[in-house]
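The model shown is predicted, which means the values in this text are computed figures rather than measured ones.
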Amino acid sequence: MKNHTAITTFILLGLTDDPQLQLLLFIFLLITYMLSIIGNLVILVITLVDARLNTAMYYFLQNFSILEILFTSAAIPRFLYSITTGDQTVTYYACGFQIFFVYLFCVTEFFLLATMSYDRYVAICKPLHYMTIMNQQVCRRLVSCCWVITLLFLIPLVSFVMGLEFCDNNALDHFVCDANALIMISCSDTQFIEKLLIIFSAFVLFATLLFVIWSYTCIIQTILRFPSAQQRKKAFSTCSSHMIVVSITYGSLIFIYVKPRVKDEMKINKSVSLFSTSISPMINPFIYTLRNKQVIQALNDLVKKLLLSRK
């Protein structure tokens, strides 16, 4: 029989025990985290101060940037602290809070990406009714729904995970508190939780992905009917950034969460988790800015104003 000692703290094993690799990892994560925060803050400021970007598309982009900042901040700073101090312990409740917030921001992003694809669908397929359909009130309601739906799914799931029993093993094979890692060390019967996690993940990922696919199928069909090649090119350019971000986000997280078992492949999963929490939030702002002439123009105008105000 196992020793049912009350677990009050967990130990995060991280990614490596090699001091040199830890130093390189710290520098890499610090750079990617700072670039992610700066890039998303720049997008947030530009879309707030420039009146030309006061549209539904940029309102959703504001919210996406906020989620990216919150998502990466929920995971990376704690790991940087662990590398710096060598303190790999995390309390039971702190672990629960980290799982809750990481999943909250991550899942809300998926619903928001689906909402953003709907916005592009209305803009391309129903341009004459765009301002009427995607008014400010509707946009706020759609964003609120993303948060509410996520909470309705997430609160019971996290409650079940944190209700598991933990016996003589408190070492989590991850660099953040993760539901899969907790299930691995639990001495409870985890079959129900594993199935629930798979169903939850599959529903969120595939339901939103199917909606995105439907939206872009309609968009592509509409664009191909445009008589002018220039019109088609312009229409595709307005959707290309979102399509790239969708591909990166869905590709990495589908690989992690939708699979038959959680007992294996943790090393690969940690690497992909590192990508989704550090690299992806860093490159997304560059994808949206470098491929968007309106955002680049707004950024240039803001820089000019700041330079002129100093003279």
Side-chain angles (χ1 to χ4, degrees), residues 9-45 62-110 112-113 150 154 158 161 171-182 201 245 248-257 266-289:
T9 60
F10 295 105
I11 299 172
L12 298 172
L13 298 181
L15 293 172
T16 178
D17 294 327
D18 189 327
Q20 292 183 335
L21 288 177
Q22 284 188 336
L23 177 60
L24 292 174
L25 188 61
F26 177 84
I27 295 170
F28 170 76
L29 287 176
L30 182 62
I31 292 172
T32 56
Y33 178 68
M34 294 303 296
L35 288 174
S36 172
I37 298 298
I38 293 169
N40 283 291
L41 281 177
V42 167
I43 288 180
L44 192 58
V45 170
Q62 288 172 18
N63 283 273
F64 186 75
S65 294
I66 292 170
L67 278 171
E68 289 281 66
I69 291 170
L70 294 173
F71 177 51
T72 191
S73 296
I76 299 303
R78 177 61 183 82
F79 187 36
L80 292 175
Y81 169 81
S82 178
I83 295 174
T84 306
T85 63
D87 181 10
Q88 296 177 294
T89 60
V90 58
T91 66
Y92 175 87
Y93 291 106
C95 192
F97 279 117
Q98 187 176 48
I99 290 174
F100 177 80
F101 285 112
V102 168
Y103 278 56
L104 173 64
F105 303 138
C106 177
V107 174
T108 306
E109 272 192 22
F110 282 98
L112 187 59
L113 284 171
T150 301
L154 190 60
V158 175
V161 171
L172 296 179
D173 189 14
H174 217 291
F175 63 92
V176 294
C177 285
D178 178 77
N180 289 337
L182 282 176
S201 303
V245 171
I248 293 171
T249 306
Y250 279 89
S252 59
L253 287 221
I254 285 174
F255 181 83
I256 298 174
Y257 292 109
M266 284 304 295
K267 289 184 179 179
I268 299 174
N269 286 352
K270 285 192 290 184
S271 301
V272 181
S273 296
L274 188 66
F275 174 85
S276 64
T277 55
S278 61
I279 300 174
S280 182
M282 177 192 69
I283 62 178
N284 286 345
F286 294 98
I287 292 171
Y288 276 115
T289 54

Please check this pair: side chain of [X] against backbone of [Y], looking for a donor-acceptor N/O pair closer than 3.5 Å.
{"X": "Q98", "Y": "A74", "value": "yes"}
{"X": "T108", "Y": "L104", "value": "yes"}
{"X": "Q88", "Y": "I11", "value": "no"}
{"X": "S73", "Y": "I69", "value": "yes"}
{"X": "T72", "Y": "P281", "value": "no"}

Hey, what do you get for [atom1] ([X]) to [atom2] ([Y]), rounding to the nearest 0.5 Å?
{"X": "R78", "Y": "L12", "atom1": "CZ", "atom2": "CG", "answer": "6.0 Å"}
{"X": "M282", "Y": "I287", "atom1": "CE", "atom2": "CD1", "answer": "9.5 Å"}
{"X": "I283", "Y": "E68", "atom1": "CD1", "atom2": "CD", "answer": "9.5 Å"}
{"X": "I279", "Y": "L274", "atom1": "CD1", "atom2": "CG", "answer": "6.0 Å"}
{"X": "S276", "Y": "F71", "atom1": "OG", "atom2": "CZ", "answer": "4.5 Å"}

Measure the shortest side-chain to side-chain distance between [X] and [Y] over non-hydrogen atoms and say whether it is less than 4.5 angstrom.
{"X": "T277", "Y": "F175", "answer": "yes"}
{"X": "I43", "Y": "F64", "answer": "no"}
{"X": "T89", "Y": "S82", "answer": "no"}
{"X": "S36", "Y": "N40", "answer": "yes"}
{"X": "L172", "Y": "L13", "answer": "no"}
{"X": "V102", "Y": "V176", "answer": "no"}

Heavy-atom closest contact ([X] atom, [Y] atom, distance):
{"X": "L154", "Y": "F100", "answer": "CD2-O, 3.4 Å"}
{"X": "N180", "Y": "Y103", "answer": "N-OH, 4.5 Å"}
{"X": "A179", "Y": "I99", "answer": "N-CD1, 4.1 Å"}
{"X": "S278", "Y": "T32", "answer": "CB-OG1, 3.7 Å"}
{"X": "C177", "Y": "V90", "answer": "SG-CG1, 3.8 Å"}

message: What I want to check is whether the side chains of D18 and T16 have a donor and an acceptor closer together than 3.5 Å.
response: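 Judged by distance alone, the side chains do not pair up.
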- request: Give the C-alpha distance, both sets of side-chain angles, the deciding distance and a yes or no for side chain to side chain contact (heavy atoms under 4.5 Å, CB included) between F10 and T91.
  value: CA-CA 6 Å; F10 295 105; T91 66; over 6 Å; no
Got a sec, which residues hit side chain to side chain contact (heavy atoms under 4.5 Å, CB included) with [X], two or more places apart in sequence or on another chain?
{"X": "F26", "answer": "L30, L80, I83, T84"}
{"X": "Q62", "answer": "L44, T47, L48, Y59"}
{"X": "V107", "answer": "F111, T150, F200, V204"}

N63 and L67: CA distance, side-chain angles, deciding distance, side chain to side chain contact (heavy atoms under 4.5 Å, CB included) verdict: CA-CA 6 Å; N63 283 273; L67 278 171; 5.6 Å; no
task: Decide if atom OH of Y92 counts as having more than 12 heavy atoms of other residues, nucleotides or ligands within a radius under 6.0 Å.
output: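 For Y92, atom OH is crowded (more than 12 foreign heavy atoms under 6.0 Å).
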field: Within 6.0 angstrom of D17 CG, more than 12 heavy atoms from elsewhere
entry: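 12 or below, so no.
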